[in-house]
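The structure appears right after this line, and notes come after that.
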Amino acid sequence: MPIQQSDVLYTAVATAENGRDGRVATDDGRLDVVVNPPKELGGSGAGTNPEQLFAAGYSACFQGALAVVARQSGVDVSGSRVTAKVGLGKNEEGFGIIVEISAEIPGVEEGVARDLVEKAHGVCPYSKATGGNISVTLA
């Protein structure tokens, strides 16, 4: 269920200039990066790109969700790592993205780790936002 404006605890603000071949920055100045299309899409690849930024945000958010569900389950996931691979490709509407999420959870049995990843996917705000909109695979 979507949250309402009255439920918002924090709002991030970022502004892009010149789309995929320009600059994106947050209003507080903590993030200010040059964006360029990757070489695979005919760009210079000199800067970052929206897919990398999305992968960074998704992996960080998912890592936080993993920590929450692990704590609730009494499992220590310290030292764990979450990787998000974001693919960009053509579809019927033009372009779309797909995501693969993987987690390395040292010292946790594989079945328990898989269960935690599935639970994290159920509570992660990025996973909720992409649900039914893009293909997300848990690896």
Where P50 and R20 come nearest, the two heavy atoms and their spacing: CD-NH1, 3.5 Å
Pairwise distance CD(E17) to CZ(R23) - rounded to 0.5 angstrom: 5.0 Å
S73 side-chain N/O to V75 backbone N/O, donor-acceptor pair under 3.5 Å: no
Check: E109 side chain, G111 main-chain N or O, donor-acceptor pair, under 3.5 Å: yes
Any residue meeting side-chain hydrogen bond (donor to acceptor under 3.5 Å, both in side chains) with D27, in chain and number order, not counting sequence neighbours: none
Within-4.5 Å side-chain heavy-atom neighbours: C124 and Y58: yes
ILVMFWY network linking V136 to F95, side-chain heavy atoms under 4.5 angstrom: yes
Smallest separation among heavy atoms of A65 and V123, with atom names: CB-CG2, 3.8 Å
Within one Ile-Leu-Val-Met-Phe-Trp-Tyr cluster: L41 and V24, side-chain cutoff 4.5 Å: no
K85 NZ to I101 CD1 distance, which is reported to the nearest 0.5 Å: 11.0 Å
Contact summary for A67 and V77, nearest pair of heavy atoms: CA-CG2, 4.1 Å
Co-membership, hydrophobic cluster, residues V82 and V112, 4.5 Å side-chain: yes
Shortest non-hydrogen contact from A120 toward V69: N-CG2, 3.9 Å
Reported SG-to-CG distance for the pair C61 and L66, which is rounded to 0.5 angstrom: 11.5 Å
N/O donor-acceptor pair under 3.5 Å between S102 side chain and A139 backbone: no
Spacing of OG belonging to S127 relative to CG belonging to L138, to within rounding of 0.5 Å: 7.0 Å
Same apolar cluster (I L V M F W Y, side chains within < 4.5 Å links), V86/L53: no
Which atom of S59 lies closest to which atom of A56, heavy atoms considered: OG-O, 3.1 Å
Test log, rule side chain to side chain contact (heavy atoms under 4.5 Å, CB included), inputs F54 and T130: CA-CA 11 Å; F54 187 75; T130 60; 3.9 Å; yes
Salt bridge (Lys or Arg N to Asp or Glu O under 4.0 Å) partners of D21, counting only residues at least two apart: none
Residue pair Q52 / G47: nearest heavy atoms and the distance that separates them: OE1-O, 4.3 Å
Pairwise distance CD1(I105) to CD(E110) - rounded to 0.5 angstrom: 10.5 Å
Cluster check Y126, I98: I/L/V/M/F/W/Y, side chain < 4.5 angstrom: no
Working for side chain to side chain contact (heavy atoms under 4.5 Å, CB included), residues N49 and L88: CA-CA 11 Å; N49 60 66; L88 174 70; over 6 Å; no
